[in-house]
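Working notes, structure below.
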2 protein chains.
Amino acid sequence: MFDVVKVLKEKGYKVTPQRIAVFDVLKHTKAHPTVEAIYNKLQPTYPTMSLATVYKSLEMFKSLNLVQELNVGEDKFRYDANVNPHPHITCISCGRVDDVDDEMFFNLTEQVASKTGYKITGQQLYFYGKCPECK
Amino acid sequence: MFDVVKVLKEKGYKVTPQRIAVFDVLKHTKAHPTVEAIYNKLQPTYPTMSLATVYKSLEMFKSLNLVQELNVGEDKFRYDANVNPHPHITCISCGRVDDVDDEMFFNLTEQVASKTGYKITGQQLYFYGKCPECK
DNA sequence: TTGAATGCAAAGACTTTGCACGATT
DNA sequence: AATCGTGCAAAGTCTTTGCATTCAA
């Protein structure tokens with residue numbers, strides 16, 4: 001959370017309660033929330049906050065590389081304050097989105113690069129199935 | 001293409017020129033087209049075909065497991081007549097979406113399953129970078 | 001013939017934008 | 001005090017739906 005304040009100041013952007021609050025939600029969850037979810041979470045504490053502000057804040061954080069945007073195949077995006085590319089797994093039953101430890105993907109990128117001839121700059125690995133609670 | 005006719009008949013759905021045409025586009029491309037792209041491709045030959053019909057046909061094919069829906073992180077979906085789960089790579093420069101040979105992902109699913117406790121039913125692996133032509 | 005599919009237009013979901021008011025520096 | 005950000009509402013993009021007409025079987 002302090003890093004956000006620092007980055008915003010460095011870049012000459014204003015440090016507003018709304019921006020802090022949006023980032024704070026992402027920083028303290030592993031749930032990969034949607035815009036709507038972030039908005040709902042903030043409603044009790046910031047009843048005047050608008051959806052537009054959530055969208056605008058996320059857009060800014062994205063451009064500053066403070067959050068990453070995910071799309072696990074839904075018609076909407078999810079957000080993650082962990083900007084490291086790392087694999088995700090989605091429960092097809094309850095919809096939760098968990099992280100997957102990425103040790104086993106070590107050197108996968110290099111293999112893909114040499115196979116395809118691409119210069120690889122990012123990746124999103126999504127797995128789908130039933131989580132331990134749902135199966 | 002013949003398989004589509006067969007499946008539609010088996011399931012009691014009508015075999016229409018529009019359905020055949022939509023599937024045919026997907027069957028003969030490796031470009032992972034969007035709905036709009038499919039629609040545009042068909043315009044010259046089927047000037048009366050509507051976007052709604054493309055959407056409805058794809059929805060049906062999806063439910064029959066004749067095509068799969070992809071989302072590489074855009075605000076729209078892409079479609080693929082190859083329904084095998086297989087990795088994709090997107091050029092961040094020109095936007096093309098290519099397939100990646102999936103040999104190297106052999107047994108990845110099992111590893112993820114044992115790490116996460118999920119029962120895995122599907123996967124989407126997306127890599128991003130610059131294609132040979134763009135880099 | 002008859003029910004299902006098409007195609008148009010309207011509606012819906014998510015996201016972006018414009019602008020006046022308000023807050024940060 | 002000046003400027004940037006917020007929040008409302010309107011607009012934009014992609015997708016879905018309703019319904020009368022048309023078509024496959």
Side-chain angles (χ1 to χ4, degrees), chain A residues 4-25 32-40 42-43 45-64 66-79 95 97, chain B residues 4-25 32-64 66-79 95 97:
Chain A
V4 154
V5 174
K6 193 175 154 219
V7 173
L8 289 178
K9 282 186 174 165
E10 274 174 12
K11 300 286 178 181
Y13 296 123
K14 290 185 175 165
V15 178
T16 67
Q18 289 89 338
R19 286 175 182 170
I20 302 293
V22 168
F23 191 78
D24 202 47
V25 169
H32 310 85
T34 61
V35 172
E36 194 80 30
I38 296 169
Y39 175 76
N40 289 336
L42 292 174
Q43 268 314 101
T45 352
Y46 299 83
T48 71
M49 157 130 23
S50 71
L51 263 177
T53 298
V54 179
Y55 276 107
K56 286 169 184 169
S57 301
L58 289 170
E59 162 95 43
M60 160 169 289
F61 294 151
K62 222 178 10 169
S63 76
L64 295 175
L66 290 170
V67 306
Q68 71 170 310
E69 192 175 63
L70 308 176
N71 190 310
V72 301
E74 300 166 308
D75 59 345
K76 60 191 165 236
F77 295 100
R78 290 171 177 270
Y79 295 87
V97 178
Chain B
V4 157
V5 173
K6 193 174 155 219
V7 173
L8 290 178
K9 280 187 176 165
E10 274 174 12
K11 300 287 177 178
Y13 296 122
K14 291 187 174 163
V15 178
T16 67
Q18 289 89 338
R19 285 175 181 169
I20 302 292
V22 169
F23 191 80
D24 201 48
V25 169
H32 310 84
T34 60
V35 173
E36 193 79 30
I38 296 170
Y39 175 75
N40 289 336
K41 177 107 185 195
L42 292 174
Q43 269 313 99
T45 351
Y46 298 83
T48 72
M49 158 130 23
S50 72
L51 263 176
T53 297
V54 178
Y55 275 107
K56 286 169 184 169
S57 300
L58 289 170
E59 162 95 43
M60 159 169 288
F61 294 150
K62 222 178 11 169
S63 76
L64 295 175
L66 291 171
V67 306
Q68 73 170 307
E69 192 175 63
L70 309 176
N71 190 311
V72 301
E74 300 166 308
D75 60 344
K76 58 191 166 233
F77 294 101
R78 289 171 175 270
Y79 295 86
V97 179

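Letters A, B, ... mirror the listed sequences (proteins, then strands); counts begin at 1. Small disclaimer: the values here were computed from a predicted structure and weren't measured.
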For atom OH of B:Tyr39 and atom P of D:dT13, their distance in whole Å: 16 Å
Between B:Glu69 and B:Pro17, which is nearer to the 5' end of DNA chain D once each is assigned its nearest nucleotide? B:Glu69
Nearest-angstrom distance from the residue atom CD of B:Glu10 to P of D:dA25: 14 Å
Nearest to the side chain of A:Asp75, heavy atoms from C-beta on, is which of C:dG18, C:dG3, C:dC14? C:dC14
Just by distance, no angles: are the side chains of A:Gln68 and A:Tyr79 close enough, under 3.5 Å, to form a donor-acceptor pair? no
Using a 4.0 Å heavy-atom cut-off across all strands, classify A:Pro47 as base, sugar-phosphate, or nothing. nothing
To the nearest Å, how far apart are B:Arg19 CZ and D:dA25 P? 10 Å
Decide yes or no for A:Val7 and A:Tyr13: does some side-chain heavy atom of the first lie under 4.5 Å from some side-chain heavy atom of the second? no
Rounded distance (Å) that lies between atom P of D:dT6 and atom OH of A:Tyr46: 12 Å
Smallest separation among heavy atoms of B:Leu70 and B:His32, with atom names: CD1-CD2, 3.6 Å
Across the strands shown, which category fits A:Thr53 at heavy-atom distances under 4.0 angstrom: base, sugar-phosphate, nothing? base
Which heavy atom in B:Gly95 sits nearest to a heavy atom in B:Arg78, and how many Å separate them? O-NH2, 3.8 Å
If you look at every strand shown and take non-hydrogen atoms under 4.0 Å, does B:Lys14 touch a base, only sugar-phosphate, or nothing? base
Given C:dC8, D:dT15, C:dT16, the nucleotide with the shortest approach to the side chain of B:Lys56: C:dC8
Report the nucleotide, chosen from D:dC8, C:dT6, C:dG3, that has the shortest atom-to-atom distance to any side-chain atom of A:Ala52. D:dC8
Rounded to whole Å, CG of A:Leu58 lies from C1' of C:dT15 at a distance of 11 Å
I need the CG-P distance between B:Leu8 and C:dA5, as an integer number of Å. 9 Å
At 4.0 Å (heavy atoms only), tell me whether A:Thr48 reaches a base, stays on the sugar-phosphate, or touches nothing. sugar-phosphate
From the options D:dG5, D:dC8, D:dT15, select the nucleotide whose nearest atom is closest to the side chain of B:Val35. D:dT15
Taking CG from B:Leu51 and P from D:dT13, how many angstroms apart are they, rounded to a whole number? 14 Å
Options D:dT6, D:dA24, D:dC14, nucleotide nearest the side-chain atoms of A:Gln18: D:dT6
Please report the shortest heavy-atom distance between A:Phe77 and B:Gly73, naming the atom on each side. CE2-O, 3.4 Å
Proximal nucleotide (of C:dC14, D:dA24, C:dT24) relative to the A:Thr16 side chain: C:dT24
Trace of the side-chain contact (heavy atoms from CB on, under 4.5 Å) decision for B:Leu64 with B:Val4: CA-CA 10 Å; B:Leu64 295 175; B:Val4 157; over 6 Å; no
Just compare D:dT16, D:dA24, D:dG7 and give me whichever is closest to any side-chain atom of B:Glu59. D:dT16
Respond yes when some side-chain nitrogen or oxygen of A:Tyr55 is under 4.0 Å from OP1 or OP2 of C:dT16, and no when none is. no
CG of A:Leu42 versus C1' of D:dT6: gap in Å, rounded? 14 Å
B:Val15 side-chain proximity, nearest of D:dA25, C:dT6, D:dC8: D:dA25
